[in-house]
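Here is the structure we will look at, set down as structure tokens.
Note that the structure is a prediction, hence the values are computed from the model and not measured.
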Amino acid sequence: MQQSLLPLGYTQSCELCDFVVANCNQLAFELLHRAIGGFTKDKFICIYGESGCGKTHLLQGFANEYKVNYLNAKQDIIINPRDLVFVSEKVLVIDDADKIENDTWWFNLYNLIKEQNKMLIISANKSPSMWPVNLADWRSRLATFVSTEMRNPDDDTLKRVLEKIWKDKGIAVDNAILEYLSRRIDRNFPAICHWAHKIDLISAQKRRPITVSMLHSLFAA
């Protein structure tokens, strides 16, 4: 039985050291590592995938690690492209980029990034080839982005994330618990983190270790 996600008063870490690299995201991780680390000449990069697959954690993690400019387009803030480019040292990261539906803005930003020999990294729910673009000049430039997809976690990744969250809290769980949860919670990172913290909270409140029996009672409620 799936239960609704409730606010538990915790903050999910977006540091790179807390990002679990797995089959579902390895290509994206390696692409950003090569690009920001200066191991490639690619200057325009897009990471795309469904909401909850970990794009924000990955982009924020690299932005924090390398001290580069990060902007979340969900905030509906459209800054003058020139101001945005000139406050960025070498890399500009724009998360949820497909929320900015302004072809001219993007066209100008792209040209400025290229002119200044800087790098633009964006994330989106869909591949750039599927964006609803009307301006031909922007479409041609969008086609130059090196893109890779991030997928939602598979069973193995889900278990590894749960295990890491609890290990960081000093909680050891056996594989039976991880297996039980892998069959019952949604395959996205917000849901995984939510359940890990909720189960930990219930365990602390009841002063009981996390067991399959306890989980069965929780999901049957």
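- At least one side-chain heavy atom of Pro153 sits less than 4.5 Å from a side-chain heavy atom of Ile192.
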TODO: Show the numbers, then the answer: is there a side chain to side chain contact (heavy atoms under 4.5 Å, CB included) between Leu181 and Ile199?
DONE: CA-CA 11 Å; Leu181 289 170; Ile199 292 165; 3.8 Å; yes
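- Here the closest heavy-atom approach between residue Arg208 and residue Met214 is recorded as NH2-CB, 3.7 Å.
- The CG atom of Asp174 sits 10.0 Å away from the CD1 atom of Ile210 when rounded to the nearest 0.5 Å.
- Note: Phe219 and Trp195 meet the aromatic proximity criterion, with ring centroids under 6.0 Å apart.
- In this structure, His194 and Ile185 have side chains that are not in contact, with every pair of non-hydrogen atoms separated by 4.5 Å or more.
- Looking at Arg183 and Asp155, no side-chain N of the basic residue comes within less than 4.0 Å of a carboxylate O on the acidic one, giving no salt bridge.
- Residues Phe107 and Ile113 fall within the same hydrophobic cluster, defined by Ile, Leu, Val, Met, Phe, Trp and Tyr side chains chained together at heavy-atom separations under 4.5 Å.
- Follow the hydrophobic side-chain contacts under 4.5 Å out from Val133 and you never reach Tyr48; the two are in separate clusters.
- With salt bridges taken as basic N to acidic carboxylate O contacts below 4.0 Å, none links Asp98 and Lys126.
- The closest donor-acceptor contact from the side chain of Asp103 to the backbone of Asn134 lies under 3.5 Å.
- Residues Phe39 and His33 have side chains in contact (heavy-atom distance under 4.5 Å, counting atoms from C-beta outward).
- Using a 4.5 Å heavy-atom threshold, the side chains of Lys99 and Asn125 count as touching.
- Listed by chain and number, the hydrophobic cluster partners of Leu31 are Leu16, Phe19, Val21, Phe29, Leu32, Ile36, Ile45, Ile47, Leu58, Leu59, Phe62, Tyr66, Val68, Tyr70, Val91, Val93, Met119, Ile121, Val146, Met150, where partners are ILVMFWY side chains within reach of under 4.5 Å, directly or through others.
- Annotation: Glu30, atom CD; neighbour count of heavy atoms from other residues, nucleotides and ligands within 6.0 Å is above 12.
- Cluster membership for Trp105 and Leu135, using ILVMFWY side-chain heavy atoms within less than 4.5 angstrom, is shared.
- Remark: side-chain polar atoms of Asn188 are paired, donor with acceptor, to backbone N or O of Ala191 under 3.5 angstrom.
- For the atom pair Ile202 CD1 and Arg207 CZ, the distance stands at 16.0 Å (nearest 0.5 Å).
- The CD atom of Glu179 sits 9.5 Å away from atom CZ of Arg184, with the distance rounded to the nearest 0.5 Å.
- For the pair Arg187 (side chain) and Ser182 (backbone), a donor-acceptor distance under 3.5 Å is present.
- The heavy-atom pair separating Trp106 from Ile100 by the smallest distance is NE1-O, 2.8 Å.
- Put simply, the side chain of Leu109 reaches to within 4.5 Å of the side chain of Ile94, judged on heavy atoms.
- The shortest side-chain heavy-atom distance between Arg82 and Asn108 does not fall under the 4.5 Å cut-off.
- Distance check, rounded to the nearest 0.5 Å: CG of Leu92 to CD1 of Ile122 gives 10.0 Å.
- Annotation: side chain of Leu162 is not in contact with side chain of Val173 (no heavy-atom distance under 4.5 Å).
- Here the CZ atom belonging to Arg151 is positioned 8.5 Å from the OG1 atom belonging to Thr157, to the nearest 0.5 angstrom.
- Both Leu158 and Val212 are members of a single hydrophobic cluster when ILVMFWY side chains are connected at heavy-atom separations under 4.5 Å.
- No more than 12 heavy-atom neighbours from other residues, nucleotides or ligands sit within 6.0 angstrom of CD on Glu89.
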Open item on the list: Checking Ser140 against Asp137 for the side chain to side chain donor-acceptor pair (under 3.5 Å) test, could you report, in this order, the C-alpha distance in whole Å, the side-chain angles of both residues, the deciding distance, and whether it holds?
Closed with: CA-CA 5 Å; Ser140 67; Asp137 286 338; 4.9 Å; no
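- Between the side chains of Ser213 and Thr211, no donor-acceptor pair is found at a separation under 3.5 Å.
- Between Asp42 and Arg34, the closest side-chain pair of non-hydrogen atoms is not below 4.5 Å.
- In this structure, Met130 is not a member of the same hydrophobic cluster as Phe145, with clusters built from ILVMFWY side-chain heavy atoms closer than 4.5 Å.
- Salt bridge status for Lys164 with Asp168: present, with a side-chain N to carboxylate O gap under 4.0 Å.
- In plain terms, the two heavy atoms of Ala97 and Trp131 that are nearest each other are CB-CH2, 3.9 Å.
- Expressed to the nearest 0.5 Å, how far OG1 of Thr56 lies from CG of Asp95 amounts to 3.5 Å.
- When atom types are taken as modelled, the side chain of Asn64 and the backbone of Gly61 share no donor-acceptor pair closer than 3.5 angstrom.
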Open item on the list: Evaluate Phe44 against Arg141 for side chain to side chain contact (heavy atoms under 4.5 Å, CB included), listing each step before the verdict.
Closed with: CA-CA 9 Å; Phe44 297 93; Arg141 284 156 177 77; over 6 Å; no
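- The number of heavy-atom neighbours closer than 6.0 Å to NZ of Lys43, taken from other residues, nucleotides and ligands shown, is above 12.
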